[in-house]
Every structure is written in structure tokens, then in C-alpha cells.
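Before any comments, here is the structure.
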Amino acid sequence: MTSVPPSPRIRVRREPHRGAYDRATIDAVLDATPMCHLAFVQDGQPYAVATLHARVGDTVYVHGSAASRALRTLGGNGDGGLPGCITVSLLDGLVLARSVFEHSVNYRSVMLLGTLIALDSEADKRTALEAFTEAVLPGRWAEARQPNRQELAATTVLALPIEEASAKVRTGGPGDGHGPDAELPIWAGVVPLRRSWGQPEPDPLLPPDVLVPPSVRRLLSAQSPDSRGPR
Ligand SMILES: Cc1cc2nc3c(=O)[nH]c(=O)nc-3n(C[C@H](O)[C@H](O)[C@H](O)COP(=O)(O)OP(=O)(O)OC[C@H]3O[C@@H](n4cnc5c(N)ncnc54)[C@H](O)[C@@H]3O)c2cc1C
């Protein structure tokens, strides 16, 4: 696994000790949730669109309707595309300090910069869509009906190589335990965030003999009561 040296524009300046550029840290954050924000500038106006992503090796994919403004703008309609930015953020806990000023949160986040490239071939799109489906729920690709040619044609997939990437991670307690505020009789500490999946709710239109699939059963049985939610 390669390490990505930070370019000047990707180097974390504010609280630089929280920055990381190694692929293990970056990939772990990217793979921890399928949700990201995709940002671009169109006609001078910045937009940050919440969407799904999937990482396959050294590439992050985003996808959507071929009519999507964000995807059409970033993909460039075959003329090279525009610079984009993908961020992934995970909230891990509340950091409650004695002073309001020192309140914070624990988090893991990643920022990727680069030009997104639209996938042309049906085979490449299919591979990326499999990665999306598996990023949402491992095992689901093989359980569900797979996309037909019409659906593939209606879907745009953009690829961003992981070349300029930074992670930023905050862990630990509040920062005012050693200063003048340390004597204040105010509770301080961390409230960790734990998330878990609930009971599956079958589509009311589902015939009663269609059972909860193995992918969902694995998801539920894998989570301990203390596990960190949607992966
Ligand atoms: C859940 C969450 C909550 C946060 N809450 C706050 C808050 O309330 N106030 C606050 O000031 N900051 C908060 N941050 C940190 C925030 O994301 C920025 O890092 C910080 O505001 C510094 O911004 P800057 O533009 O000065 O960064 P700079 O350090 O100047 O940014 C330079 C480069 O560092 C990298 N970088 C910066 N931030 C991040 C990041 N979060 N993840 C990955 N790479 C990064 C980017 O590549 C960027 O181009 C929060 C982060 C998360 C994930």
C-alpha cells in the first residue's frame, strides 16, 4: 500500500498533529461509511452534494443519474471534467470541556482533491456499481437483480484516483484539564457515539414467504451492542 505525500494544498495546517497521509488511515475512513460529500464550483458558486461513494483499490467512485447536475458538471460531458473534492466525515464522540471554548468532537475525516473522470465502458460501470452495492451492504450484489443495459446507460459513474488525500483525526478528551479551568467543578469528558442497525422492516408489498436475506442477517449478527454503527 503506497503512502501519499501531502501536496501543499492538502497538508493539514490547523492542528497539523491531527493530519495523516498514509493510505491505511485514509482508506479506513473512506471504507467506514458509504456516505460522502462531493464538492465542486459551477459558475463561481460552490456546491457540496451528499452522496454515496465506494473505494476500489486506488480509486474512489461516485455515481448517480446521468441527468445529475453535479455528475454532469464534474464529468465534463467528455471534455475533461472539472476539479472536485470528496470529503468523508465520521462523528465519534462529544468532547465536553469545562469551558464552552474548549468543547469539541472526536472525529475521523478524509479530503480528496482531483479531477473526476467519467467511466465510458459498460464493464467498468458494472464493476463500479458492484463496488457501490457491496459498500452499502456486503453480499447484496449477488442477492439483488443486477443492472440491465438501459439502467447502466442511465447511470453516470465518476472515478477519482486517490492521489491528493489527507485524513484528519481527533481522539481523546477535552483540552482544558491542565489549565486554570481545571479546578472548576464542571463535568468534563467524552461521550462516545455508538450506532447500531435496527430490526429490518419488510416492504409491505413483499410476499410473506420472502425471508430476510443472508446479507442483512450477517449485518445484524455482526454488530455487537457496542459497535460503531453503519459501516
Ligand atoms: C465532524 C467534524 C467536526 C468539526 N468541527 C469543527 C469546528 O466546529 N470548528 C472548526 O474550526 N473545525 C472543525 N472541524 C475541523 C475542520 O474540518 C477543519 O479541519 C478546520 O476547521 C480547519 O480548517 P482550515 O480550512 O483552517 O484547514 P487547513 O488546515 O488550512 O486545511 C488545509 C488542508 O488540510 C486538509 N484538511 C483540513 N481539514 C480536514 C479534515 N477535517 N479532514 C481531512 N483533511 C482536512 C485539507 O486537505 C485542506 O485542504 C471538524 C471536523 C469534523 C470532521
Side-chain angles (χ1 to χ4, degrees), residues 1-42 44-55 57-62 70 73-74 81-117 135 158-177 179 181 186-196 226-231:
M1 192 173 281
T2 53
S3 186
V4 184
S7 65
R9 64 181 189 172
I10 207 78
R11 191 167 48 78
V12 175
R13 290 181 171 76
R14 178 89 192 113
E15 308 279 7
H17 60 284
R18 294 186 181 144
Y21 311 96
D22 63 286
R23 281 291 302 277
T25 304
I26 288 163
D27 290 359
V29 175
L30 291 173
D31 297 349
T33 174
M35 206 183 121
C36 71
H37 283 84
L38 173 63
F40 59 98
V41 175
Q42 186 184 34
Q45 171 62 52
Y47 297 89
V49 179
T51 188
L52 298 178
H53 73 280
R55 182 186 69 86
D58 296 336
T59 304
V60 169
Y61 295 100
V62 290
T73 303
L74 280 161
L82 284 184
C85 174
I86 291 178
T87 57
V88 171
S89 312
L90 300 154
L91 184 62
D92 288 333
L94 304 178
V95 180
L96 306 179
R98 294 153 187 85
S99 67
V100 168
F101 183 79
E102 291 289 348
H103 277 65
S104 188
V105 293
N106 282 335
Y107 61 81
R108 291 161 287 154
S109 57
V110 155
M111 186 182 293
L112 306 177
L113 302 179
T115 300
L116 290 94
I117 302 155
L158 302 183
L160 180 63
I162 306 175
E163 287 170 353
E164 273 193 282
S166 54
K168 194 169 176 183
V169 178
R170 189 197 191 283
T171 58
D176 60 358
D181 287 342
I186 298 170
W187 192 89
V190 174
V191 184
L193 176 62
R194 302 282 185 252
R195 288 176 293 172
S196 61
D226 212 22
S227 68
R228 243 192 222 138
R231 291 271 162 184

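These figures come from a predicted structure and were not determined experimentally. As the structure lists them, so they are numbered: ligands from 1, and atoms in each ligand from 1.
In terms of modelled atom types and a separation under 3.5 Å, the side chain of Ser109 and the main chain of Lys168 share a donor-acceptor contact.
Ion pairing between a basic and an acidic side chain is recognised when a charged N comes within 4.0 Å of a carboxylate O; Arg170 and Asp92 show no such pairing.
Contact annotation: the side chain of Trp187 approaches that of Leu96 to within less than 4.5 Å [non-hydrogen atoms, C-beta and beyond].
Partners of Leu30 by side chain to side chain contact (heavy atoms under 4.5 Å, CB included), not counting sequence neighbours, listed by chain and number: Ile26, Asp27, His53, Arg55, Val60, Val88, Val110, Leu112, Ile162. With sequence neighbours excluded, the residues that form a side chain to side chain contact (heavy atoms under 4.5 Å, CB included) with Arg11 are Pro6, Arg13, Tyr21. Qualifying salt bridge (Lys or Arg N to Asp or Glu O under 4.0 Å) partners for Arg14, counting only residues two or more places apart in sequence or in other chains: none.
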For ligand 1, list every N/O pair with the protein closer than 3.5 Å, one pair per line with the distance.
| unit_1 | atom_1 | unit_2 | atom_2 | d |
| --- | --- | --- | --- | --- |
| ligand 1 | 19 (O) | Lys168 | NZ | 2.7 |
| ligand 1 | 29 (O) | Arg13 | N | 2.7 |
| ligand 1 | 29 (O) | Arg14 | N | 2.9 |
| ligand 1 | 34 (O) | Arg11 | O | 3.4 |
| ligand 1 | 41 (N) | Ser109 | OG | 3.0 |
| ligand 1 | 42 (N) | Ser109 | OG | 2.7 |
| ligand 1 | 44 (N) | Ser166 | OG | 2.9 |
| ligand 1 | 47 (O) | Ile10 | O | 3.1 |
| ligand 1 | 47 (O) | Ser166 | OG | 2.9 |
| ligand 1 | 49 (O) | Arg9 | O | 2.7 |

